Amino acid sequence: MEYSFKNIEEKWQKYWQEKKVFRAEAAGGKPKYYLLEMFPYPSGKIHMGHVRNYTIGDVAARFKRMQGFNVLHPMGFDAFGQPAENAAIKNKTKPDIWTHRCIQEMEAELKRMGFSYDWGREVSTCDSNYYKWNQWIFLKMFERGLAYKKASEVNWCPNCETTLANEEVIDGECWRCHTRVEQKDLKQWFLKISAYRQRLLEDLNQLKDWPERVLAMQANWIGKSEGVEIYFKARDNQEVISVFTTRPDTIFGATYIVLSPGHPLVKNIIKGRPQEKEVLRFINKVSEENHSATKSPEVDKEGVFTGAYAINPVNREEIPIWVADYVLMEYGTGAIMAVPVHDQRDFLFAKEHNLPMRVVIQPQGLDHKLSAGEIKEAYQGEGIQINSPGFDGLPNQEAKIKIARWMQEKGMGKIEAHWRLRDWLISRQRYWGSPIPIIYCEGCGIVPVPYEDLPVLLPEDAPFTGEGGSPLGKVKDFVEVTCPKCKSPACRETDTMATFFDSSWYFLRFTSPHYQAGVFNAQEAEYWMPVDQYIGGIEHAILHLLYSRFFTKFFQDLGLVDFNEPFKRLLTQGMVLKEGEVMSKSRGNVVDPDAIINKYGADTLRLFMLFAAPPETELEWDERGIEGAYKFLNRVWRIQDNLKSKASPQLVRFTHKIIKKVSEDIEGFKFNTAIASLMELVNAIYQTGADKEVFMDLILLLCPIAPHFCEELWQACGNKESVLKAQWPRYNPDLIIDETVTLVIQINGKVRSRIEVPADTEEARLKEIVLSDDKLKPWLKDSPIKNFIIVPKRLVNIVV
RNA sequence: GCCGAAGUGGUGGAAUGGCAUACACGUCGGUCUCAAAAACCGAUGGGCGCAAGCCCGUAAGGGUUCAACUCCCUUCUUCGGCACCA
């Protein structure tokens, strides 16, 4: 008889909800455990990626509860954002109506999966009780100079008609719709994340339980490089060209200077020179190429001579100034000193244009003096300084420091670090987001909205068509205000915040979601934070995690929290694929979780998701695998009809081994092998027959994975209380010790025999037993034994 | 180009110095059945052999070790991230 998952799942979901069994409270003697999965954008339907993410988290949450932890496992919705506006335009409705309907649908689907959330703590970022605190945080940042307005060229997506953060531009395209991004001049709000770059980089060291690759990506993104900014004076006028280098040890080998085509000094330098026209032509050409064609990184390094010279401050040498497209305006100072012998790009360029080269670092171990004429590619390795008056003979690593200090003392340069991380642009010309709480007054300038006037509510009936400008600008009642300072007529900021702002602190709000007196309750946050385990997709490895770390450090500076990192342990789960491709609407290969729940039940879907692959790797969707999972649950179900009064001692011992293995595997997120072990136990039960005790252990071990199913069987075993009240089973250490062991006997590393011996056999006795094994005779007959290696309780290797 | 992860049966995967392929899917065979499905039991890396058994085998090649999927070196491939970063 097959088990009727539909009735069982509905029955227990109702029970859990009515008894509020997953409600978390910051009280009691148990140790706390905060388990969080990245909250979803409410698009209306959950997809398999959500199912996988939340199943992994739910198993961990249920496991920790059974182990006696006080678990916080909340869920909410990242509800602001563009798709709601687009959907509202398309369906002729309002974003908030559309969003709330989607939230309702998704909530129902999440409940059908049986996830153990404390729904009493649900938050939606589009709720004014939530975004009020976005505005509060913004004002606090504004007070401290961390939110500022800057006119700048911004990335503009002509399709979405909005600005994009640098991080949202991928290969020159909009990250969402892949339209080619244009440049546009606008006054925008920025957050000064750069003020935290040193801490954001250093504190990565504390994150011992984060995946290596996420740490590498974050460090890469922050992109610190240490070096010296060197000042080169122009020979013929007063201009000073600053260049940045990480290799001050090569300064004596600098034989020319290169400016980026966009460098502001170029025009002054070429003014009135014979080369002026040619240089301008070159700059125009490069600018056209940048705006149209996709640039290949392997193109020849093009450039022109400006006719001007600069003076190398360390040796007063006159060196030519060039303009070339391989120097980027966006990095460093937009100008470089070129050292052809010791930098590959400079080498290629110098060869192409017949520019002078000078060796300044002699490779160690080379039998002759390295000369510029002999090299085929730049020498970028270590060595001894030469042709560097005052520093010759020093190892270059030592010279690097000494030259840098010397140049700083002499005023030739300044020791500095350069960073890749740029400030975070948060203004959006959109309706469906948190209004930025700022008022513009003709007399007073930029005036923050007073705290007591928060929240600045989103007007309900903004007319938006998805075309042009900010929809809030068209709502007269919203825009027209009186200045809080001078009471004269003023107008509001009409931009809203990027939604990454909302998700940068929601984990703190979950600790006190209904708190009215502040952004969050400090006592609650102190009890629950940091998040012990965070789980989500690798696609958030950089932005979301970096911003959340930034906000946490900011709260620390405000004195609201006493820790500096929000997420102790991080798991990035792999994607769900079908036929080797990501499931997506555009590919048309989406499998709807609802259909699977209807056909096989939520417990089967959970089981399959965990068994098919380890959490971090990609998961290939396989309908036959689903059937296998379903078959396994039915196999467990049938055990209850054939219970014996007493299981064999062997089975009891085996059960205790499995308890140990499954406990360790779940702790380490190795769900696939935990399930494999449970299958082994079930196979053993089918061989010899289980009693009630063994069966109940099996149910408890399976409970985090297939919770409805296990509740039902637990009740069928005569238990009055929910299985959630039961303790996680403990193994008896005496029962997992084997009395006898099977030893593998190898001759020269090849298996030739196996013997069964008592576990405590002494080495001398063991040797005797092994040598009397008839199977080994042919191998030992003619050759003397050279070595006899014993690995206790595992194997013996005889070398002949 | 640089950084990171990975490459194991027909398939998903297991084993992190000690029996390669646990567990599952698929396939084949058996039991039950009038029959089929379901369920249960068994076989299943390749080659040679009636068999006992032997040989080969974890992307390719080399090395360390009594012993290597596992450690080291070289190469190839795939995926992810960054990229003319000075």
Side-chain angles (χ1 to χ4, degrees), chain A residues 1-2 170-171 211-221 223-225 227-230 243-247 250 254 258 260 295-299 301 324-328 330-339 342-346 348-349 418-420 538-539 541-542 572 574-575 580 607-608 611-614 616-629 631-632 634-635 638 670 672-683 686-687 742-754 775 778 786-800:
Chain A
M1 185 189 73
E2 291 190 6
I170 295 153
D171 294 332
E212 197 58 47
R213 60 172 170 162
V214 175
L215 294 174
M217 281 159 80
Q218 292 242 331
N220 209 339
W221 194 259
K224 182 181 188 179
S225 50
V228 183
E229 193 166 317
I230 301 175
V243 308
F244 177 71
T245 181
T246 55
R247 295 290 306 272
T250 64
V258 188
S260 168
K295 260 201 312 179
S296 148
E298 289 309 311
V299 291
K301 303 198 182 320
D325 60 353
Y326 79 95
V327 175
L328 308 175
E330 307 86 67
Y331 188 78
T333 61
I336 61 151
M337 64 175 206
V339 185
H342 303 293
D343 181 283
Q344 184 61 16
R345 288 157 305 177
D346 297 342
L348 292 174
F349 190 80
H418 274 241
W419 302 75
R420 223 186 69 97
I538 187 74
E539 67 273 19
I542 298 176
T572 49
M575 288 190 286
L607 180 68
F608 168 75
F611 181 57
E616 312 80 31
T617 64
E618 291 173 338
L619 183 149
E620 177 67 31
W621 177 259
D622 181 10
E623 182 92 20
R624 284 193 301 229
I626 279 279
E627 268 171 46
K631 242 162 76 175
F632 172 70
N634 274 301
R635 209 164 140 82
R638 280 189 298 271
K670 291 152 108 185
N672 54 335
T673 51
I675 292 166
S677 299
L678 291 173
M679 287 171 169
E680 282 187 75
L681 178 60
V682 169
N683 290 344
Y686 268 72
Q687 297 291 327
T742 305
L743 282 185
V744 168
I745 317 289
Q746 296 181 329
I747 309 273
N748 292 340
K750 283 199 197 300
V751 181
R752 297 300 180 188
S753 180
R754 272 151 240 266
K775 279 190 193 153
K786 277 202 230 152
N787 206 349
F788 199 96
I789 289 146
I790 299 172
V791 182
K793 291 178 191 176
R794 287 200 170 188
L795 134 165
V796 171
N797 190 13
I798 305 168
V799 188
V800 295

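Convention: sequence-line order gives letters A, B, ...; per-chain numbering from 1. What you see is a predicted model, and the numbers here were worked out from it, not measured in a lab.
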**Study point:** Closest non-hydrogen atom pair between Ile798(A) and Phe788(A), with its separation
**Key:**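 The pair with the smallest heavy-atom distance is CG1-CE1, 3.7 Å.
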When you get a sec, tell me which of [options] is the closest nucleotide to the side chain of [X]?
{"X": "Lys670(A)", "options": "rA15(B), rG13(B), rG18(B)", "answer": "rA15(B)"}
{"X": "Lys750(A)", "options": "rC56(B), rA20(B), rC85(B)", "answer": "rC56(B)"}
{"X": "Arg420(A)", "options": "rC85(B), rC79(B), rC19(B)", "answer": "rC85(B)"}
{"X": "Leu328(A)", "options": "rC85(B), rG18(B), rG13(B)", "answer": "rC85(B)"}
{"X": "Arg624(A)", "options": "rC40(B), rG4(B), rC25(B)", "answer": "rC25(B)"}
{"X": "Tyr686(A)", "options": "rC41(B), rG12(B), rA86(B)", "answer": "rC41(B)"}
{"X": "Met217(A)", "options": "rG42(B), rG81(B), rC66(B)", "answer": "rG81(B)"}
{"X": "Ile789(A)", "options": "rA86(B), rC19(B), rC66(B)", "answer": "rC66(B)"}
{"X": "Ile542(A)", "options": "rC41(B), rG18(B), rG81(B)", "answer": "rG81(B)"}

Point to revise | Partner residues of Tyr331(A) under the ring-ring contact (aromatic ring centres under 6.0 Å, His included) criterion, sequence neighbours left out | key: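 Testing Tyr331(A) for ring-ring contact (aromatic ring centres under 6.0 Å, His included), a comparison that skips the adjacent residues, returns none.
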Review point. Taking only residues two or more places apart in sequence or in another chain, which ones pass ring-ring contact (aromatic ring centres under 6.0 Å, His included) with Phe611(A)?
Key: none
Practice item. Show the numbers, then the answer: is there a side chain to side chain contact (heavy atoms under 4.5 Å, CB included) between Asn797(A) and Val791(A)? Key: CA-CA 8 Å; Asn797(A) 190 13; Val791(A) 182; over 6 Å; no
**Study point:** Verdict with reasoning, Trp621(A) to Phe608(A), per side chain to side chain contact (heavy atoms under 4.5 Å, CB included)
**Key:** CA-CA 9 Å; Trp621(A) 177 259; Phe608(A) 168 75; 3.7 Å; yes
Rounded to whole angstrom units, what separation is found between the [atom1] atom of [X] and the [atom2] atom of [N]?
{"X": "Ile747(A)", "N": "rC54(B)", "atom1": "CD1", "atom2": "P", "value": "11 Å"}
{"X": "Leu215(A)", "N": "rG4(B)", "atom1": "CG", "atom2": "C1'", "value": "11 Å"}
{"X": "Glu618(A)", "N": "rG12(B)", "atom1": "CD", "atom2": "C1'", "value": "13 Å"}
{"X": "Lys793(A)", "N": "rC19(B)", "atom1": "NZ", "atom2": "P", "value": "17 Å"}
{"X": "Trp221(A)", "N": "rC3(B)", "atom1": "CH2", "atom2": "P", "value": "19 Å"}
{"X": "Ile745(A)", "N": "rA67(B)", "atom1": "CD1", "atom2": "P", "value": "17 Å"}
{"X": "Arg794(A)", "N": "rA15(B)", "atom1": "CZ", "atom2": "P", "value": "13 Å"}
{"X": "Glu212(A)", "N": "rU16(B)", "atom1": "CD", "atom2": "P", "value": "20 Å"}

Taking distance alone, no hydrogens or angles, what donor-acceptor pairs closer than 3.5 Å link side-chain atoms of residues 743-754 of chain A to residues at least two apart or in another chain?
unit_1, atom_1, unit_2, atom_2, d
Asn748(A), OD1, Val800(A), N, 3.1
Ser753(A), OG, Asp773(A), OD2, 2.6

Review point. Quick one: side chain to side chain contact (heavy atoms under 4.5 Å, CB included) partners of Thr250(A), sequence neighbours excluded?
Key: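 Thr250(A) satisfies side chain to side chain contact (heavy atoms under 4.5 Å, CB included) with Arg247(A), Met337(A), Val339(A), His342(A), Val360(A), Ile361(A) only.
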Exercise for review: Just label rG49(B) as syn or anti from its O4'-C1'-N9-C4 or O4'-C1'-N1-C2 angle, using within 90° of 0 for syn.
Suggested key: anti
Any base atoms under 4.0 Å from [X], or only sugar-phosphate, or nothing? Heavy atoms, all strands.
{"X": "Val799(A)", "result": "sugar-phosphate"}
{"X": "Pro614(A)", "result": "sugar-phosphate"}
{"X": "Val243(A)", "result": "nothing"}

Revision key, fill the gap. Those stems involving RNA chain B that have three or more consecutive Watson-Crick or G-U pairs, both distances under 3.5 Å, are B:1-7 with B:76-82, B:10-12 with B:23-25, B:26-31 with B:39-44, B:45-48 with B:53-56, B:59-63 with B:71-75
Can you sort out the partners of [X] under side-chain hydrogen bond (donor to acceptor under 3.5 Å, both in side chains), two or more places apart, ordered by chain and number?
{"X": "Arg345(A)", "answer": "Asp343(A)"}
{"X": "Glu623(A)", "answer": "Tyr600(A)"}
{"X": "Thr617(A)", "answer": "none"}
{"X": "Ser677(A)", "answer": "none"}

Any side-chain N or O of [X] below 4.0 angstrom from OP1/OP2 of [N]?
{"X": "Arg638(A)", "N": "rC40(B)", "value": "yes"}
{"X": "Arg752(A)", "N": "rC54(B)", "value": "yes"}
{"X": "Arg345(A)", "N": "rC85(B)", "value": "yes"}

Exercise for review: Please state whether the base of rC66(B) and the side chain of Asn797(A) form at least one donor-acceptor pair under 3.5 Å?
Suggested key: yes
Review point. Is the backbone N or O of Gly227(A) less than 3.5 Å from a side-chain atom of Thr246(A), with the two atoms forming a donor-acceptor pair by type?
Key: no
Review point. Between the main-chain N or O of Ala541(A) and the side-chain N or O of Gln218(A), is there a donor-acceptor pair closer than 3.5 Å?
Key: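 Side chain of Gln218(A) to backbone of Ala541(A): a pair is present.
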Review point. Between Arg635(A) and Asn683(A), does any side-chain donor sit less than 3.5 Å from a side-chain acceptor?
Key: yes
Review point. Stepwise, does the side chain to side chain contact (heavy atoms under 4.5 Å, CB included) test hold for Glu229(A) with His418(A)?
Key: CA-CA 9 Å; Glu229(A) 193 166 317; His418(A) 274 241; 3.8 Å; yes
Within the sub-3.5 Å range, which N or O atoms of nucleotides 22-24 of chain B have a protein N or O partner, and how far apart are they?
unit_1, atom_1, unit_2, atom_2, d
rA24(B), OP1, Asn683(A), ND2, 3.2

N/O to N/O distances under 3.5 Å, protein versus nucleotides 69-71 of chain B:
none

Exercise for review: Sticking with atom C1', work out how far rU78(B) lies from rA59(B), rounded to a whole angstrom.
Suggested key: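 These two C1' atoms come out 11 Å apart once rounded.
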Check your understanding: Roughly how far apart, to the nearest Å, are rU70(B) and rU21(B) at atom C1'?
Key ->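 The same atom, C1', in both gives a distance of 15 Å.
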Practice item. For RNA chain B, determine which residues of residues 332-339 of chain A have any heavy atom closer than 4.0 angstrom to one of its atoms, and list them numerically. Key: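 Heavy-atom contacts with RNA chain B come from Ile336(A).
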Practice item. Would you kindly compare Arg754(A) and Ser225(A) by the position of their nearest RNA chain B nucleotide and give the one closer to the 5′ end? Key: Arg754(A)
**Study point:** Over 12 foreign heavy atoms within 6.0 Å of NZ, Lys670(A)
**Key:**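 No, NZ of Lys670(A) has 12 or fewer neighbouring heavy atoms, counting only those of other groups under 6.0 Å.
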